[in-house]
Amino acid sequence: MGALDWDRRLFDELIPLPDGTSYNAYLVKGSEKIVLIDTVDPTKTEVLMAQLEEVPSIDYLIVQHVEQDHSGSVPAVLDRYPQAHILCTPKAKGMIVDHLGVAEDRITVVENGETLSLGDCTFEFVHAPWVHWPETMLTYSRQDKILFTCDLFGSHLATTDLYATDKERVYEAAKRYYAEIMMPFRAVIKGHLEKLAGYAIDTIAPSHGPVYDDPNFILDAYRSWVLDPPDNLVVLPYTSMHGSTTAMVEHLTAALAVREVAVAPFNMTVTDLGKLAINLVDAATVVLGAPTVLTGAHPNVITAAYLTGALRPKLKHAAIIGSYGWGGKAPEQIMGLMSSLKVEWLDPVMCRGLPAKEDLDALDRLADAIAERHEGL
Ligand code: FEO
């Protein structure tokens, strides 16, 4: 069950959705009990309610995650099925009350490892906090070996494919989703992956995008994104007002390329933030290119620095290049925004106006320093 949202282009008023998204819900009919796992975004409530028209009763509504794109239609489902009880983690209970206005007596909490018999089918609840909110849990169907995972392993991808058959397309969408949503919790996700290694899983059913009938496809991808060392890649978000920073970015990009270091430059005026996030998953170094506005970095680069710090990628090294008219503190400002990262800061290269020969030489030295650190990657 659930809804496709072909036209949605933004999530959280921040994250671009080039391929729309889906909100997946799952109806499981046991021999004795009927369960609905998750609901849909409140903008698609009518779609779900139409799908439920032929379902006379629901015993339990499992809320794996309280974010509104999955829980927003919970009140409508509870109204339709007055006998239905919500099952969720203890942490989720208060959030459901606060975010959705649901009465407490409609909610039953389940502990980690607790089971629920539907008759011929048994569910096991697997608490998995911080995927990417604190209240999240997964649901494992022991007979069918299906793992329902809420956001974990999901992808913002609207498609009529029930299963992930177009693997290249799903990989890109799932990596984008991981980068934007899961990467800040990489250490926690690592623990969840280790925990899931103890389960026999035939199918992974996330709450966004296609279902995985080849679970190792997405499990291997996550292991790579979470555990692998970074690649020989520099991500270079920048913006330029009068061409000086662009000249520096182009010089540094060429200097790195001849030193066999891959570079992904992103002009923040036009870039898709999801593309930037995807590249941050594997990058060893970030270089921010910032012209100076008033006394600080251009707001476009402030955004890039803030997001890079917040997403907490595997970066090892960082540097700042850019220009100013008469002064400013762009490097200090950017470093402050990224203070959460354990990176080695290389010497910044800031020039007054257009880059002169000594500035280009400094960029060459920066390229040398990066190439030296990337040896062996
Ligand atoms: Fe798809 Fe965190 O909600």
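Note that this is a predicted model, so its numbers are computed, not measured. Every number for a ligand or one of its atoms is a count from 1 in the order of the listing.
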ask   = With respect to His65, which candidate in Met137, Met95, His132 satisfies the side-chain contact (heavy atoms from CB on, under 4.5 Å) definition?
value =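 Among the candidates, only His132 passes.
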side-chain contact (heavy atoms from CB on, under 4.5 Å) test vs Lys29 passes for just one of Ile34, Val35, Asp120, namely Ile34
Distance flag, aromatic centroids of Trp225 and Tyr171, threshold under 6.0 Å:
yes
Q) Less than 6.0 Å separating the ring centroids of Tyr212 and Phe153? A) no
For atom 2 (Fe) of ligand 1, find the closest N/O/S atom belonging to [X] and write down its atom name.
X: Asp151; result: OD2
X: His132; result: NE2
X: Glu67; result: OE1
X: His65; result: NE2

Cation over ring face, Lys44 and Tyr23, 6.0 Å, 45°:
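Pair Lys44/Tyr23 does not count as cation-pi.
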Quick check on atom 2 (Fe) of ligand 1: does Asp69 put an N/O/S atom closer than 2.8 Å to it?
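No, Asp69 does not qualify, because none of its backbone or side-chain N, O or S atoms lies under 2.8 Å.
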Legend entry - Residues His251 and Asp359: side-chain donor-acceptor under 3.5 angstrom: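 Their side chains do not contain a donor-acceptor pair, so the 3.5 Å distance test is not met.
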Contact flag His70/atom 1 (Fe) of ligand 1, N/O/S atoms, threshold under 2.8 Å: yes
Contact check: His208 to atom 1 (Fe) of ligand 1, N/O/S below 2.8 Å: yes
